[in-house]
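Both ligands and their constituent atoms are indexed starting at 1 by order of listing.
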Amino acid sequence: MMELPELQEQIGQIKQDLDQQLPNLSAHDVLESFRVEFLGRKGRITQLFKQMGTLEPGARGEAGRLINELKDHATVCFEERDKLRQSEVRRQALVADRLDVSLPGSQHALGCLHPMTLVQREIEAIFMKMGFDVATGPEIETEYYNFEALNIPADHPARADWDTFYIEGDRLLRPHTSPVQIRVMEQSEPPVRIICPGRCYRRDTQDATHSPVFHQVELLWIEEGLSLAHLKHVLELFTQEFFGEGYEMLFSGDFFPFTEPSVQVHIKAPGATNWMEIMGAGMVDPAVLSNVGYDAEKYTGFAFGLGIERMAMLRYGIDDIRAFLTNDLRFIRQFS
Ligand code: FA5
């Protein structure tokens with residue numbers, strides 16, 4: 001039979017050993033051997049519980065209370081140290097992962113928009129503010145939309161005015177944006193108020209003001225009661241807004257099979273001596289209105305097609321259209 005004081009002595013010894021180890025319990029393996037030594041299945045505290053059976057029954061209650069107290073103490077010590085260890089592991093991971101924000105970052109080269117895109121967007125914004133919608137059409141067109149519907153039959157000499165790239169059959173690369181007018185009118189009833197920006201192709205010899213690939217913006221307004229005065233007013237508002245003060249505008253007579261009367265519009269920059277032809281324009285020919293099923297007695301309207309490159313040249317004082325296509329970043333970056 002064991003006496004209670006003997007067990008109390010053992011408890012005191014175990015507590016002393018346990019407390020001695022506390023300052024060193026930081027690493028995982030030390031903590032683990034602490035747990036095994038005191039709290040494990042064969043640990044010293046578990047052994048104490050087993051010895052209770054050798055006590056007199058009257059002393060067992062007190063012994064159980066004392067051993068449980070010791071067990072609670074050991075458990076709390078273990079859990080606190082384990083928590084500290086885990087937060088230390090996390091801290092070390094954070095330190096190892098630390099980002100030095102004072103280091104120079106990696107540089108990403110910033111692109112910029114091509115002046116053609118900028119000018120096209122600006123033109124669109126001005127006309128959208130006036131109430132025009134933006135429409136687009138295919139760059140590969142048919143002879144019907146590019147010529148016939150625009151009142152230029154197959155044998156008409158005016159076809160030669162558009163030095164067209166033919167592909168095969170009746171397909172061609174559109175030399176102007178006017179076919180989009182027809183496509184839009186076929187799909188909608190008057191009033192029609194649209195602009196159509198896009199790329200065009202011509203077998204033009206390249207020089208300072210001509211390129212085989214260029215851009216136009218077409219405008220079309222069909223409604224009752226429109227006259228050449230409305231066309232002139234829209235153009236004045238537009239050039240004023242796009243160029244600002246000091247630019248002059250000149251109208252000269254011209255011929256297009258799809259407008260009657262037809263004009264060419266020329267612009268002169270402040271201080272310049274030369275006029276630059278920037279667009280063809282006119283009142284939409286009644287034959288074109290009839291081709292799309294509109295009542296030509298009731299509706300009138302006007303249209304124009306302007307060259308975006310030439311607008312940009314005038315605005316920025318660029319004297320050669322080829323600058324837009326040479327991909328010289330020093331040139332392109334000036335505009336963004
Ligand atoms: C036409 O293309 C007509 N479709 C314009 C039009 C529309 C008239 C609606 C009436 C009603 P023109 O061939 O003149 O017209 O061309 C119009 C503009 O496109 C020219 O003033 C010019 O600014 C531009 N342009 C024409 N060819 C070239 C080219 N090869 N390079 C650069 N710009 C060009």
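If you check the side chains of S252 and Q264, you find no donor sitting under 3.5 Å from an acceptor.
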Quiz: residues 197-206 side-chain donor-acceptor pairs under 3.5 angstrom, not counting sequence neighbours:
unit_1, atom_1, unit_2, atom_2, d
Y201, OH, E139, OE1, 2.5
R202, NE, P175, O, 2.8
R202, NH2, P175, O, 3.0

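Residues lining ligand 1 at a heavy-atom distance below 4.0 Å are given as W162, H176, S178, Q181, R202, D204, T209, H210, S211, F214, Q216, E218, F256, F258, T259, Q264, E277, I278, M279, G280, A281, A303, F304, G305, G307, R310, I321, ordered by chain and residue number.
Following chains of ILVMFWY side-chain contacts shorter than 4.5 Å, one cannot reach I195 starting from V192, and the two form parts of different hydrophobic clusters.
When side chains are defined from C-beta on, F258 counts as touching H176, because their heavy atoms get closer than 4.5 Å. Annotation: side chain of E223 is not in contact with side chain of K298 (no heavy-atom distance under 4.5 Å).
A side-chain donor-acceptor contact under 3.5 Å links R310 to the backbone of T209.
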